[in-house]
Amino acid sequence: MVNKHVNAIVVGAGAGGGIVAKELSVAGLSVVLFERGGWATYDDSDTDELRSQRTTVLGNGYGPDDLHYKRVVVNNDGTTTTVLPSEGSYNNIAACVGSGTVSYGAMAWRFMQEDFKLKTTYGSIEGSTLEDWPLTYEDLESCYEKAEWEIGVAGDATQNPFGAPRKKPYPMPPFSHNREAKLMVDAAKRLGYHPFPIPMLRNSIPYHGRPACIRMRTCCGFACPVNAKCGTHNTVIPIAIGSGNCELRINSVVSEILVNDQGKITGVTYFDEKNNKQNQTADLVVISASATETARLLLNSKSKFFPKGIGNENDWVGRNLQGHAYTGAYGIFEEEVYDDFGPGASVAISDFNHHNPGIMGGGVLCNEFIRMPYLFTGVRPPGAARWGKEHKTFQRLNFKRVAQAVGPYQEIPKFESRVEVDPTVKDFRGIPVVRLSGTRHEKDIEGCRFMSEKAELWLKEAGAVHTWQSVGGGKGISGGQHQAGTCRMGNDPKTSVTDKYGRIHAVPNLFVADGSLNVSNGGFNPVLTIMALGFRVGGYIAGEWLKGNRFK
Amino acid sequence: MDKPTKLTRRRFIALSVLSAGGTCLLSRCANQALSPWRFITVGESNLLDALVEQIIPTDDWPGGRDAGVTNFIDRQLAGAYSRYQETYRKGLLAIQETCTAKFHKRFEEFSFEEQTQFLKIMEGGKMEGRQWGDGFDRYFFRLIRDHSMQGFYGSPRHGGNKDNISYKMMKLDYPVIIGQNRYILKSDGK
Ligand SMILES: Cc1cc2nc3c(=O)[nH]c(=O)nc-3n(C[C@H](O)[C@H](O)[C@H](O)COP(=O)(O)OP(=O)(O)OC[C@H]3O[C@@H](n4cnc5c(N)ncnc54)[C@H](O)[C@@H]3O)c2cc1C
């Protein structure tokens with residue numbers, strides 16, 4: 001049976017893809033939205049730490065599974081290791097309708113104006129492909145606003161003097177602070193910093209027909225049992241389906257982009273839920289499979305017209321893979337600072353995001369999501385026992401007395417950090433897998449040290465009697481849950497993969513809309529920016545379509 | 001599937017005696033059909049009990065053995081951790097071989113303190129002998145440590161953390177039902 005031709009295909013029902021599918025289908029285009037996973041439910045991982053999306057040792061609660069997926073990582077010494085999705089070095093986000101937005105911590109950051117102009121702000125950096133975005137913060141502002149209002153964000157922007165200018169407030173009031181955050185708010189003020197409530201993609205009041213958050217301990221890494229966390233799965237994707245123009249095809253893995261004998265993109269090949277290979281044709285295709293998987297799909301789509309993969313004439317697809325170097329400090333308090341008010345993270349300071357002497361960028365610092373018991377077994381000061389009686393005693397005495405100040409340091413992009421497809425290893429369906437290689441920029445660690453010092457100072461001021469730093473930014477592959485940058489936007493086709501609307505250079509009807517587009521990844525968790533880019537790319541395509549442009 | 005497969009009490013005792021007799025090295029005991037476990041043998045389970053008890057010892061609160069950590073590991077080896085089956089078989093055997101070759105005793109026959117010393121050498125990568133080459137000592141120690149922590153501190157649904165014991169110890173009320181359990185636990189958590 002041949003699938004009915006549609007106007008648009010969107011590959012990946014995550015943060016970027018869910019939004020594009022909605023923008024297109026509401027504008028009247030017929031859409032097929034492909035998702036390799038299925039609908040997730042709370043019961044998939046329940047409150048089970050070992051099968052959550054944060055601690056994945058027994059498997060990812062929200063996909064992908066160890067049976068059907070694997071990757072290859074190139075180690076620092078050049079050897080390679082094949083890894084499974086449940087292993088950290090796989091660098092997973094998720095695989096289900098909504099992807100990471102089902103189980104994320106839900107911090108909702110707008111990047112700052114400087115983040116779009118890193119080269120102008122800091123100049124060139126040796127060994128880095130640091131570059132300005134082909135668009136400014138002002139160009140993206142209305143899309144950030146759409147993300148905040150259509151998906152739903154709670155916060156109070158007036159309390160952050162370093163936030164980029166904005167036209168509208170958040171649609172929901174901020175969350176109240178938990179006990180440790182209250183201590184940290186007061187301490188930050190005493191230090192002359194500017195603490196404010198973290199903006200969150202969670203309902204602080206009933207919003208869009210879903211209830212308010214019940215402050216569960218198991219939030220970051222888990223689905224929400226009352227549907228108070230706002231993702232694409234419970235906002236834009238249902239709207240897309242409700243428009244009558246969008247068919248969501250779950251458990252369907254896209255393996256290749258179809259190219260006809262004139263070199264035109266005509267659709268995709270995919271494995272359906274029974275693992276049968278099928279084709280779906282469309283007028284245009286949008287890839288939103290996440291920074292690693294989007295690059296893989298483009299690189300796996302080789303033909304005589306695209307011998308190195310689509311968009312890869314200049315060897316830029318898969319380059320500049322970035323995530324975040326997480327860096328900060330821990331503090332032990334005399335009193336219990338834990339009051340079981342989830343998700344834990346609630347206060348932030350943005351005082352060290354840009355304009356720090358001697359370092360590129362910086363990042364936001366926050367108190368951390370609740371560390372579940374197994375995760376906490378790895379939280380120990382230097383020199384403390386890692387097992388045995390002393391370790392157990394620490395666990396018993398200090399679980400409720402430890403707070404953490406930590407943040408995502410903006411990494412310095414590197415050409416050598418990259419996604420390729422492995423020449424030999426294939427997954428369950430016979431599709432060549434992602435191969436990850438590269439190391440962080442050597443200067444990242446300096447920025448991380450700087451931020452960790454500030455974090456430690458903050459905890460001390462809050463009353464911690466024993467503190468220690470955990471400095472990120474060491475050698476090793478970056479990517480992970482915050483993966484970005486592999487199909488960089490730019491004005492120059494020689495040094496980027498897409499134009500400023502996410503269209504692959506020189507391919508009229510093929511777009512990218514996910515974290516791959518990020519030229520740099522900000523000193524913030526990236527999802528709101530990815531959502532804003534989804535509105536930008538989707539809005540652009542829909543606008544052009546309504547004007548009669550068929551992207552031929 | 002929480003319980004080991006059925007086995008009569010008499011057969012179980014017979015097996016325990018056999019393996020406690022000191023004549024039975026793991027390789028010869030690796031007879032699946034006679035084991036009440038899913039993957040490990042009775043001999044291996046005795047050793048694992050001692051190992052997990054080292055990682056999380058009994059104090060005022062139960063330790064790894066009583067919290068069912070061996071059961072957790074066995075269950076994962078037959079499931080999510082089946083890729084570690086060979087490593088466990090090889091590593092557990094290497095521990096017993098090292099003990100019997102040098103001291104003519106099995107690991108679990110040493111005193112608690114001696115066992116700790118043994119594991120510290122393993123952790124530090126200082127084991128002698130071919131079977132420990134290529135950093136296998138350090139690697140296998142870490143594996144046991146991590147898996148023991150998971151079994152003790154993870155969700156009881158995977159076969160460890162019996163009666164939510166680690167959660168009680170940490171004064172965390174469990175299971176979290178939908179919403180929050182907003183009551184104060186007594187200071188001893190019980
Ligand atoms: C535990 C956790 C906590 C997080 N916390 C935060 C936070 O607090 N704040 C924040 O900003 N970010 C957070 N993130 C990160 C955030 O979820 C990601 O940045 C975001 O989801 C990335 O968006 P994307 O569109 O690039 O990719 P994704 O959202 O991953 O979407 C890609 C989708 O494509 C599908 N797909 C891939 N390949 C194929 C294929 N071949 N065929 C069909 N479908 C395919 C995938 O299954 C997936 O659903 C968190 C993530 C996790 C896992």
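FYI, side chains are in, hydrogens and waters are out, and symmetry mates aren't considered; it's all heavy atoms of this structure. Throughout, protein chains are lettered first and strands after them, A, B, ... in sequence-line order, and every chain is numbered starting at 1.
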Trainee: A quick test of your reading: do over 12 heavy atoms of other residues, nucleotides or ligands sit less than 6.0 Å from NZ of B/Lys105?
Mentor: yes
Trainee: Looking at side-chain heavy atoms only, is the closest gap between B/Leu172 and A/Arg217 below 4.5 Å?
Mentor: yes
Trainee: In terms of heavy-atom contacts, does CD of B/Glu128 have more than 12 from other residues, nucleotides or ligands at under 6.0 Å?
Mentor: no
Trainee: With chain A, which of B/Asp59, B/Asp146, B/Asn161, B/Ile56 has the greatest number of heavy-atom pairs at distances under 4.5 Å?
Mentor: B/Asp59
Trainee: To the nearest 0.5 Å, how far apart are CG in A/Leu50 and CE in B/Met149?
Mentor: 13.0 Å
Trainee: Considering only heavy atoms, which portion of B/Thr116 lies under 4.5 Å from any heavy atom of chain A: side chain, backbone, both, or neither?
Mentor: both
Trainee: Got more than 12 heavy atoms from elsewhere within 6.0 Å of CZ, A/Arg429?
Mentor: yes
Trainee: To the nearest 0.5 Å, what is the distance between CG (A/Leu58) and OH (B/Tyr81)?
Mentor: 4.5 Å
Trainee: How far apart are the closest heavy atoms of A/Ser86 and B/Arg83, and which atoms are they?
Mentor: OG-NH2, 3.8 Å
Trainee: Do B/Gln150 and A/Glu49 come within less than 4.5 Å of each other through their side chains, counting heavy atoms only?
Mentor: no
Trainee: Spell out the residues in residues 369-378 of chain A that have some non-hydrogen atom less than 4.5 Å away from a non-hydrogen atom of chain B, in order of number; otherwise answer 'none'.
Mentor: A/Met372, A/Pro373, A/Tyr374, A/Thr377
Trainee: Could you go step by step and tell me if A/Val57 and B/His147 meet the side-chain contact (heavy atoms from CB on, under 4.5 Å) rule?
Mentor: CA-CA 9 Å; A/Val57 290; B/His147 293 174; over 6 Å; no
Trainee: Is A/Ser45 in contact with chain B via its backbone, its side chain, both, or neither, using a 4.5 Å heavy-atom distance?
Mentor: backbone
Trainee: At a heavy-atom separation under 4.5 Å, does A/Leu397 approach chain B through its side chain, its backbone, both, or neither?
Mentor: neither
Trainee: Looking at every heavy atom in both B/Trp61 and A/Lys392, which two are closest together, and how far apart are they?
Mentor: O-NZ, 2.9 Å
Trainee: Could you work out, with side-chain hydrogen bond (donor to acceptor under 3.5 Å, both in side chains) as the rule, every residue matching A/Asn91, not counting sequence neighbours?
Mentor: none
Trainee: Given that the side chain runs from C-beta out, which part of B/Glu123 has a heavy atom under 4.5 Å from chain A: side chain, backbone, both or neither?
Mentor: side chain
Trainee: Can you run down the salt bridge (charged side-chain N to carboxylate O under 4.0 Å, His left out) pairs that involve residues 53-72 of chain A, sequence neighbours left out, and say none if there aren't any?
Mentor: A/Arg54-A/Glu368, A/Arg71-A/Glu293
Trainee: Given the options B/Ser166, B/Pro57, B/Gly154, which has more heavy-atom pairs under 4.5 Å with chain A than any of the others?
Mentor: B/Pro57
Trainee: Side chain, backbone, both or neither: which part of B/Phe141 has a non-hydrogen atom closer than 4.5 Å to chain A?
Mentor: side chain
Trainee: Would you say A/Glu335 has more than 12 foreign heavy atoms packed within less than 6.0 Å of its CD?
Mentor: no
Trainee: Main chain of B/Lys171, side chain of A/Lys400: is a donor-acceptor contact present, judged purely on distance under 3.5 Å?
Mentor: yes
Trainee: Sub-4.5 Å heavy-atom contacts with chain B: which residues of residues 380-391 of chain A show up?
Mentor: A/Arg386, A/Trp387, A/Gly388, A/Lys389, A/His391
